[in-house]
Protein chains: 2
Amino acid sequence: MTTRNKILLLIKAASVALLATVSLSAQAAEKVYRLKLAETWGPNTPILGDASKNMAKLANEMSNGRLQIRIDSANKHKAPLGVFDMVKSGQYDLGHSSSYYWKGKVPNTLYFSSMPFGMMTTEQYAWFYQGGGMELMQEVYAPHNLLSFPGGNSDIQMGGWFKKEINSIDDLKGLKMRIPGFAGEVFAKVGAKPTNIAPGELYTSLERGTIDALEWVGPAFDLRMGFQKIAPYYYTAWHEPGSETQFLVNKKTWDKLPKDLQLILETSFRVAAFDMYTQALDANASSWATMQSDYPDIKVRDFPPEVLQTMRTATDELLAEQAAKDPLAKKIIDSQANYAKKVRAWTNISTKAYLNHE
Amino acid sequence: MTTRNKILLLIKAASVALLATVSLSAQAAEKVYRLKLAETWGPNTPILGDASKNMAKLANEMSNGRLQIRIDSANKHKAPLGVFDMVKSGQYDLGHSSSYYWKGKVPNTLYFSSMPFGMMTTEQYAWFYQGGGMELMQEVYAPHNLLSFPGGNSDIQMGGWFKKEINSIDDLKGLKMRIPGFAGEVFAKVGAKPTNIAPGELYTSLERGTIDALEWVGPAFDLRMGFQKIAPYYYTAWHEPGSETQFLVNKKTWDKLPKDLQLILETSFRVAAFDMYTQALDANASSWATMQSDYPDIKVRDFPPEVLQTMRTATDELLAEQAAKDPLAKKIIDSQANYAKKVRAWTNISTKAYLNHE
């Protein structure tokens with residue numbers, strides 16, 4: 001072989017090696033991960049539905065396009081309450097929903113949305129991030145091949161719309177109210193008749209007297225439903241003082257992502273969650289202003305102290321039953337109760353005192 | 001030239017071109033940006049000082065090492081209240097401080113930390129992100145070659161420690177109190193003698209009677225200062241209902257960063273800010289629990305309604321003076337007042353009602 005030929009071969013070999021290296025490292029650096037997210041909400045649902053859109057956009061842009069997240073709303077996957085199962089099985093990589101929807105399946109998921117007489121939004125965020133809440137949530141979700149992250153707060157919820165004023169616990173006896181979930185169990189325990197009704201039938205049911213009362217969310221979601229036209233009493237909060245949604249991640253999907261993309265995804269969850277909270281707060285404030293000007297006859301009421309105390313006792317009894325049945329439930333309930341006691345003592349001399357100066 | 005030689009030359013040319021391309025794109029993709037941040041706080045300041053550390057770590061990890069941020073604390077740059085100037089001039093790329101420190105230099109920076117009788121932390125975040133606050137803040141900082149971002153909230157502040165109980169506005173006349181800034185101006189207007197004293201001399205000044213009262217922060221920062229041992233009255237909040245710190249960015253530095261790194265930096269600011277708030281909330285709650293158990297003689301007091309009303313009127317008068325002098329000041333003051341009115345009406349029927357159920 002001539003020297004020239006040797007050089008030629010060397011250059012050829014070097015070129016091939018170089019091309020292979022470039023291709024490999026480009027592949028590693030630029031590999032695109034296409035993830036699918038299923039959300040409980042219908043398409044274009046305001047506030048709740050914005051969380052996933054904001055999250056996907058942020059993750060995509062921070063990763064320079066390496067994270068591509070497709071969002072399927074309920075109209076597409078047809079299983080609004082199947083998000084847990086679809087992310088668990090890997091049919092979807094990600095989900096956006098609310099933890100307490102799974103309490104029939106995994107009872108301990110109940111505690112990570114909002115609890116009657118429990119912590120308010122920022123108190124609960126302090127519990128999640130500083131008080132051990134995140135770790136407890138992973139303990140509940142890990143056996144199901146899932147990671148769970150706070151997914152945005154819809155703000156403190158109102159106690160609902162009532163046709164008649166509630167003056168004593170007797171006024172709750174036999175009261176037919178749309179109030180699902182754990183709060184419904186509390187209402188049943190104090191003698192009311194809780195029920196669940198599809199959103200599209202709520203207005204007519206209340207108008208025709210099929211139900212006497214209902215809770216929905218707060219001004220931002222209630223205004224467009226029109227309940228204020230047919231039930232004049234708007235009761236203040238007790239059952240969901242800070243409803244948190246959740247992002248779910250399939251564990252196998254998570255483990256496949258490089259470290260930087262895991263962190264970009266987790267950070268995008270956090271910012272989208274925080275945005276959803278300020279958005280909900282802003283929308284509630286704006287909608288309440290509209291309600292006050294357009295429907296000046298709305299009567300805001302607090303439940304009487306006796307009624308609140310009875311519902312609080314019922315809540316405590318139901319929680320004690322859960323704690324007695326399951327050590328992990330007890331661990332979560334105790335952690336929330338202890339944290340709530342500590343943080344509320346401070347809230348009372350700070351926020352509550354400040355608000356009462358007016 | 002033989003065919004072989006032609007091929008040889010072509011391969012050579014291709015190799016060189018390929019190498020150049022690889023080197024260029026690797027440079028673009030992997031270029032490391034080394035930024036310097038000056039913070040107002042001393043080294044290892046808890047909570048306030050954690051914000052920049054958390055931010056720098058997150059930005060570094062999300063960018064796969066392309067953002068390297070060095071943090072200089074006050075012991076290093078020796079200019080705790082020079083952060084604005086040092087970032088403006090480009091001596092530092094980034095800063096972490098509090099907006100109201102610059103009011104002597106740029107009066108309209110006053111409005112982006114916390115205002116007497118103003119919005120609480122989450123109300124103010126809603127104003128920043130949903131109510132036009134961010135845009136107004138940029139309008140104030142842009143002429144100084146700066147971008148400004150919320151940098152973490154130290155939570156609602158207590159009204160301070162007093163040796164004697166305040167029963168009427170007369171008890172404030174001539175009262176010597178450490179209370180700097182705009183709140184100090186309000187106190188002066190109602191007849192008190194506000195002063196500023198270096199942190200290291202506060203305890204001794206209060207103990208010896210050089211001052212009759214002082215405000216510092218809240219339980220998390222106050223506990224270690226020991227004021228509870230020498231001034232039994234702990235007054236509730238009025239002057240800083242949600243003190244926000246700020247990240248500052250030199251505009252030229254910002255413009256040099258690729259889009260994805262700008263977004264990673266901005267997102268890291270937001271997460272670090274949010275973490276600082278839950279951290280402050282948690283630390284206040286824990287420190288207040290400690291204060292209650294270790295110092296059971298602390299007497300928490302609200303200023304009497306008459307005193308609060310006098311201070312509120314003084315605040316409004318001072319703000320009206322600012323608004324009359326400067327159209328941008330008027331725009332910010334009006335924006336805050338309008339948003340506060342709207343959001344507080346909702347806070348009152350939600351959060352306040354909920355807290356008053358106890």
Side-chain angles (χ1 to χ4, degrees), chain A residues 4 7-8 11-12 14-15 18-19 22 29 58 61-62 64 120-123 125-126 129-131 155-156 158 218-219 236-238 241 259-260 263-264 267 270-271 274-275 278-279 281-282 284-286 288-289 292 300 302 308 342-343 345-357, chain B residues 4 7-8 11-12 14-15 18-19 22 29 58 61-62 64 120-123 125-126 129-131 155-156 158 218-219 236-238 241 259-260 263-264 267 270-271 274-275 278-279 281-282 284-286 288-289 292 300 302 308 342-343 345-357:
Chain A
R4 182 177 282 168
I7 290 170
L8 182 62
I11 289 174
K12 266 187 181 165
S15 281
L18 186 62
L19 275 166
V22 168
L58 184 58
E61 291 176 2
M62 286 203 293
N64 241 330
M120 299 188 303
T121 305
T122 53
E123 296 173 334
Y125 275 133
Y129 294 115
Q130 312 289 338
D155 198 10
I156 183 168
M158 292 296 283
T236 58
W238 70 277
K259 280 261 176 286
D260 63 329
L263 191 62
I264 282 177
T267 302
R270 294 196 61 188
V271 170
F274 184 62
D275 280 339
T278 59
Q279 208 184 340
L281 193 53
D282 180 72
N284 273 330
S286 296
W288 176 236
Q292 282 182 292
V300 173
D302 298 313
L308 286 166
K342 183 179 82 166
V343 77
W346 162 240
T347 301
N348 282 342
I349 69 158
S350 58
T351 303
K352 181 178 169 177
Y354 185 71
L355 288 171
N356 282 331
H357 287 166
Chain B
R4 182 177 281 168
I7 290 170
L8 182 62
I11 289 172
K12 267 186 178 164
S15 284
L18 187 62
L19 275 166
V22 170
L58 184 58
E61 290 176 1
M62 285 204 293
N64 241 332
M120 300 188 304
T121 304
T122 54
E123 295 173 332
Y125 275 133
Y129 293 115
Q130 313 288 340
D155 199 9
I156 182 169
M158 292 295 284
T236 57
W238 71 278
K259 280 263 176 283
D260 63 328
L263 191 61
I264 282 177
T267 303
R270 294 197 60 189
V271 170
F274 185 62
D275 280 340
T278 59
Q279 208 185 340
L281 193 54
D282 180 73
N284 274 330
S286 296
W288 177 236
Q292 282 183 292
V300 174
D302 297 314
L308 286 166
K342 183 180 79 165
V343 78
W346 162 241
T347 300
N348 282 342
I349 69 157
S350 59
T351 303
K352 181 178 171 178
Y354 185 72
L355 289 170
N356 283 332
H357 288 166

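Sequence lines set the chain letters: A, B, ... in the order given, protein chains first and strands last, and positions in each chain run from 1.
Rounded to the nearest 0.5 Å, atoms CG (A:D260) and CE (A:M62) are 10.5 Å apart.
Chosen from A:D155, A:L58, A:N284, the residue pairing most often with chain B at heavy-atom distances under 4.5 Å is A:N284. Residue with the most contacts toward chain B among A:T347, A:N348, A:T121, A:T351: A:T351 (heavy-atom pairs, distance under 4.5 Å). Ranking A:G131, A:A126, A:A285, A:P241 against chain B, the residue ahead of the rest is A:A285, based on heavy-atom pairs under 4.5 Å. Among A:Y129, A:W288, A:Y354, the residue with the largest count of heavy-atom pairs under 4.5 Å with chain B is A:Y354. Of the listed residues A:P219, A:A289, A:G218, the one with more heavy-atom pairs under 4.5 angstrom with chain B than any other is A:P219.
Judged purely by atom type and a 3.5 angstrom limit, B:H357 uses its side chain to pair as donor or acceptor with the backbone of A:A237.
At a 4.5 Å heavy-atom cutoff, the contact between A:I349 and chain B is made by backbone and side-chain atoms alike. Contact annotation for A:Y125: both backbone and side-chain heavy atoms come within less than 4.5 Å of a heavy atom of chain B. Only the side chain of B:V300 comes within less than 4.5 Å of a heavy atom of chain A; its backbone N, CA, C and O stay farther away.
Side-chain contact check for B:Q130 versus A:L281: every heavy-atom pair is 4.5 Å or farther apart. In this structure, A:T278 and A:D282 have side chains that are not in contact, with every pair of non-hydrogen atoms separated by 4.5 Å or more.
In the model, A:S286 has a side-chain atom that pairs as donor or acceptor with a side-chain atom of B:K342 under 3.5 Å.
With sequence neighbours left out, A:S350 forms a side chain to side chain contact (heavy atoms under 4.5 Å, CB included) with A:W346, B:I156.
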